[in-house]
Amino acid sequence: ASAAATVALARAEGSPARCAAARAAAYLGAAEVTGKASGALAGGVAAALTALAGPDQSGDVQRAALGGLRFIAARDDGASPSPVLAPYYGDVITALCALLASSSGPTKLAAERTLARVLRADASPDAAVAFLASPAAGALAKTHLTEANVRRFGRLPAEEADEAADFGEP
């Protein structure tokens with residue numbers, strides 16, 4: 001029921017409702033990572049957060065969705081690749097690279113930080129290299145996930161002060 005409510009909220013009009021949907025999806029994804037929810041949620045969570053990070057959303061909704069992806073990635077004990085997000089890397093990473101190409105300022109920085117956390121670029125470039133070698137990696141990902149960019153993403157700080165307030169423990 002909570003997954004269906006999150007999807008409905010993501011389709012609601014207005015930024016506040018969609019930001020709430022991003023937070024709800026993040027908590028559902030984190031519950032799956034910690035074993036408090038079934039594996040059936042991951043596809044819906046990844047799809048909701050990817051859609052909310054899309055170019056048709058406002059900057060605050062995009063940043064909330066990106067924060068949600070980082071929240072999930074931070075909860076999986078440093079596994080590389082992320083066990084919840086890895087099956088959806090094709091969609092998630094492509095959406096993040098599209099956001100890099102179409103945004104600027106705080107949204108672009110948030111997309112870079114999200115790529116770093118989802119791919120574990122701060123620990124090793126292995127997940128990025130494996131993704132780029134997979135059939136899911138398109139031209140956009142290959143353009144943005146260069147060796148130099150992955151190293152730079154890995155040096156970005158893990159979280160911002162406002163993110164800690166938005167995505168504290170439920």
Side-chain angles (χ1 to χ4, degrees), residues 3 6-7 9-11 18-19 21-34 37 39-103 106-146 149-150 152-154 156 158-159 163 166-167:
T6 300
V7 170
L9 195 57
R11 293 181 180 146
R18 290 182 177 179
C19 288
R23 285 189 296 278
Y27 287 125
L28 288 172
E32 185 166 330
V33 167
T34 59
L41 293 176
V45 166
L49 290 173
T50 300
L52 290 169
D56 58 335
Q57 303 295 328
S58 66
D60 59 336
V61 173
Q62 290 172 331
R63 287 187 300 277
L66 296 171
L69 288 167
R70 288 191 307 275
F71 183 76
I72 293 169
R75 302 278 162 309
D76 59 12
D77 296 328
S80 183
S82 168
V84 172
L85 297 174
Y88 310 100
Y89 268 6
D91 295 332
V92 171
I93 293 174
T94 299
L96 293 174
C97 289
L99 201 51
L100 285 179
S102 66
S103 65
T107 302
K108 184 172 186 167
L109 178 60
E112 291 174 341
R113 291 175 54 239
T114 303
L115 273 169
R117 299 311 154 243
V118 168
L119 291 171
R120 302 278 184 245
D122 54 334
S124 167
D126 295 346
V129 170
F131 173 72
L132 289 172
S134 76
L140 191 59
K142 290 178 181 179
T143 299
H144 289 284
L145 294 178
T146 63
N149 279 346
V150 171
R152 185 175 60 81
F153 297 160
L156 294 171
E159 74 176 32
E163 184 177 304
D166 284 347
F167 292 98

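What you are looking at is a predicted structure, and each value in this text was computed from that prediction instead of being measured.
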Practice problem: Check whether any side-chain N or O of R152 sits under 3.5 Å from a backbone N or O of E112 as a donor-acceptor pair, and report yes or no. | Solution: no
Practice problem: Side-chain contact test, heavy atoms from C-beta onward, threshold under 4.5 Å: evaluate it for V45 versus Y88 and give yes or no. | Solution: no
Quiz prompt | Close side-chain approach of K142 to L132, heavy-atom, < 4.5 Å | solution = yes
Self-check item: From F153 atom CZ to T146 atom OG1, the distance as rounded to the nearest 0.5 Å
Solution: 7.0 Å
Quiz item: Do the side chain of Q62 and the main chain of G54 share a donor and acceptor less than 3.5 angstrom apart?
Solution: yes
Quiz item: Taking all non-hydrogen atoms of both residues, which atom of A25 and which atom of A48 are closest, and how far apart?
Solution: CB-CB, 4.5 Å
Quiz prompt | Heavy-atom closest pair, residues L115 and C97 | solution = CD1-SG, 4.4 Å
Quiz item: Does L100 reach the side chain of K108, with side-chain heavy atoms less than 4.5 Å apart?
Solution: yes
Practice problem: Verify side chain to side chain contact (heavy atoms under 4.5 Å, CB included) between D60 and R18, making sure each step is shown before the conclusion. | Solution: CA-CA 9 Å; D60 59 336; R18 290 182 177 179; over 6 Å; no
Quiz prompt | Name of the residue among L99, V61, L52 meeting side-chain contact (heavy atoms from CB on, under 4.5 Å) with L66 | solution = L99
Quiz prompt | Minimal non-hydrogen separation, G90 against A136, with atom names | solution = CA-CB, 3.8 Å
Exercise. Any chance you could measure L85, atom CG, to I93, atom CD1, to the nearest 0.5 Å?
Key: 9.0 Å
Quiz item: Between the main-chain N or O of V118 and the side-chain N or O of Y89, is there a donor-acceptor pair closer than 3.5 Å?
Solution: yes
Quiz item: Does F131 offer a backbone N or O that forms a donor-acceptor pair with the side chain of S134 under 3.5 Å?
Solution: yes
Practice problem: Over all heavy atoms of both residues, which pair between V150 and A121 is shortest? Give the atoms and the distance, please. | Solution: O-CB, 3.6 Å
Quiz item: Taking all atoms of both residues into account, what is the closest heavy-atom pair of I72 and A30, and its distance?
Solution: CG1-N, 3.9 Å
Practice problem: Find the distance between CG (L156) and OG1 (T114) and round it off to the nearest 0.5 Å. | Solution: 10.0 Å
